[in-house]
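Okay, structure first, notes after.
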Number of protein chains: 2
Amino acid sequence: MTDRRPPSSSGESLLFLTDEQLRQGIEAMFFAYRGFTADPDRILEGLDYGRAHHRAIHFINRAPGTKVSNLLDILGVTKQSLNRVLRKLIADGLVQSRVGRNDKRERHLYLTDEGRALERTLSDAQRARMRSAYRAAGPDAVAGFRKVLEAMMDVDMQASYTRLKESGA
Amino acid sequence: MTDRRPPSSSGESLLFLTDEQLRQGIEAMFFAYRGFTADPDRILEGLDYGRAHHRAIHFINRAPGTKVSNLLDILGVTKQSLNRVLRKLIADGLVQSRVGRNDKRERHLYLTDEGRALERTLSDAQRARMRSAYRAAGPDAVAGFRKVLEAMMDVDMQASYTRLKESGA
DNA sequence: AGGGTACGTCAGCCTTGTTGACATTCCAAG
DNA sequence: CTTGGAATGTCAACAAGGCTGACGTACCCT
């Protein structure tokens, strides 16, 4: 199971698969994710919103008119949990919920102008950090970064990710 | 602030810095982190432990004899929050807390045999996913992955990360 | 010896996740 | 046209894991 062989056991260069390398990757993910969320968290703090609201706003902005059920798939939380968040965003006038035209059970979600403004603030901050990291690492590193992340996702997340990616290209 | 220019604005190839590319990176981080934590979460579920316990166990294993205050720096939570987690781990016999020899205010933390066993189970699962992602992406991609993650960390996290990395090399 | 600092603990609160039960509304199949 | 199932939403209760405040003990420095 675990790979404890010292350097150069097989003919190929598989040094990047040693337990030590993998552990460093794990720790890098942990520390980097903290940085990844730090800026939006700082902005949300005091606005009476949390990371859950940010995620909802992000994906509604990304796919305007999306249904609640779609958001549930993407976010991977329960409808009760999402509902609490959406209710507040709707009450505060950041999100608009329109009953489906064909299927009136469905709710289609849109950001209001105010919602778009907050989304912009949050994603500006998050993109600024990502841009700085990308610039520091360079295009080749970015390609590798994306490749590893995609391979790390569960299959259903890969599907969601790809769908979003293609819709926005 | 935001970068909305279409492809090929400057002479250099900066396509990887477009807002669309950055947004995809953000979403990749989000979905990948879900996968990253999925396997340990599944194992912990039903054991009466959570992600917080996993993190504590990981870093105690990583630096046996570490002090609580050091763990606080690394984990970035309050001592009260960490204390709750540690208390349970100690009560359950997974972690041993020894009063400092020189400074009796300090508590030095160690995993017991049982603690090490759980750590092994968790990190085997997490490494397996990381190994599979690394193998699928290849060594160059892995180098880029690490490079971007490091550039994404806050400075103090970079320091913690480097210290751990060097201590374990 | 005294005051400030570091460290750890206890108590209580908040966000955001969870499950379960249930009402409503609608589509679609029989 | 009725009925089953899907989508949505609500209420209630609970758990994990953040947080702050208060506090005791140990230590260091003056």
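Per chain, numbering begins at 1; letters A, B, ... match sequence-line order. Given the structure is predicted, the values throughout are model-derived calculations rather than measurements.
Between chain A and DNA chain C, the heavy-atom contact criterion of under 4.0 Å yields a 5' to 3' nucleotide range of C:dT16 to C:dC27.
For the pair A:K88 NZ and D:dG9 P, the computed distance is 18 Å after rounding to whole Å. We find that CZ of A:R34 is positioned 13 Å from C1' of D:dG18, with the value rounded to whole Å. With rounding to whole Å, A:D41 atom CG is found 11 Å from D:dC19 atom P. In this entry the distance linking CZ of B:R84 with C1' of D:dA15 reads 10 Å, nearest Å. Across the protein-nucleic acid pair, A:E45 atom CD and D:dG18 atom P stand 16 Å apart, rounded to whole Å.
Nearest heavy atoms, A:D73 versus A:M157: O-CE, 3.9 Å. Minimum heavy-atom separation, B:M130 to B:F36: CE-CE1, 3.7 Å.
Cation-pi geometry between A:R98 and A:Y110 is met: under 6.0 angstrom from the ring centre, within 45 degrees of the axis.
Under 4.0 Å is where a charged nitrogen must lie from a carboxylate oxygen, and between B:R116 and B:E119 no such pair does. The residues B:E20 and A:R127 are annotated as not salt-bridged, no charged nitrogen and carboxylate oxygen being separated by less than 4.0 angstrom. The existence of a salt bridge linking A:D92 and A:K88 is confirmed by a sub-4.0 Å separation between a basic side-chain nitrogen and an acidic carboxylate oxygen.
Side-chain contact of A:H58 with B:E27: a donor-acceptor pair under 3.5 Å is present, judged by distance alone.
Using bins of under 30°, 30° to 60° and over 60° for the plane-to-plane angle, the ring pair A:F145/A:Y134 lands in the perpendicular bin. Using the six-membered ring where Trp is involved, B:F59 and A:F30 have ring planes that are tilted, between 30° and 60° apart.
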Item to check | Worked check of salt bridge (Lys or Arg N to Asp or Glu O under 4.0 Å) between A:R42 and A:E45 | outcome: CA-CA 5 Å; A:R42 234 187 316 271; A:E45 172 181 302; over 6 Å; no
Next on the checklist: Determine whether B:R129 and A:D154 satisfy the following criterion, salt bridge (Lys or Arg N to Asp or Glu O under 4.0 Å), listing intermediate values before the conclusion.
Outcome noted: CA-CA 10 Å; B:R129 181 183 291 255; A:D154 279 336; 2.9 Å; yes
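Toward the 5′ end of DNA chain C lies the nearest nucleotide of B:L72, the other residue of the pair A:D48 and B:L72 mapping further downstream. Across the interface with DNA chain D, nearest-nucleotide mapping of A:N70 and B:V77 shows A:N70 to be the residue nearer the 5′ end.
Counting any heavy atom pair closer than 4.0 Å across all strands shown, A:S69 reaches sugar-phosphate atoms only and no base atom.
For A:N83, a side-chain nitrogen or oxygen approaches OP1 or OP2 of D:dT10 to under 4.0 Å. Taking 4.0 angstrom as the limit, A:R87 places a side-chain polar atom (N or O) nearer than this to OP1 or OP2 of D:dT10. Note on B:T78: every side-chain N or O is 4.0 Å or more away from OP1 and OP2 of D:dG18.
Within residues 50-60 of chain B, no residue is approached by DNA chain C to less than 4.0 Å at the level of any non-hydrogen atom.
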Listed pairs, N/O of protein and of nucleotides 22-30 of chain D, under 3.5 Å:
residue : atom : partner : partner atom : Å
D:dC27  : OP1  : B:K104  : N            : 2.6

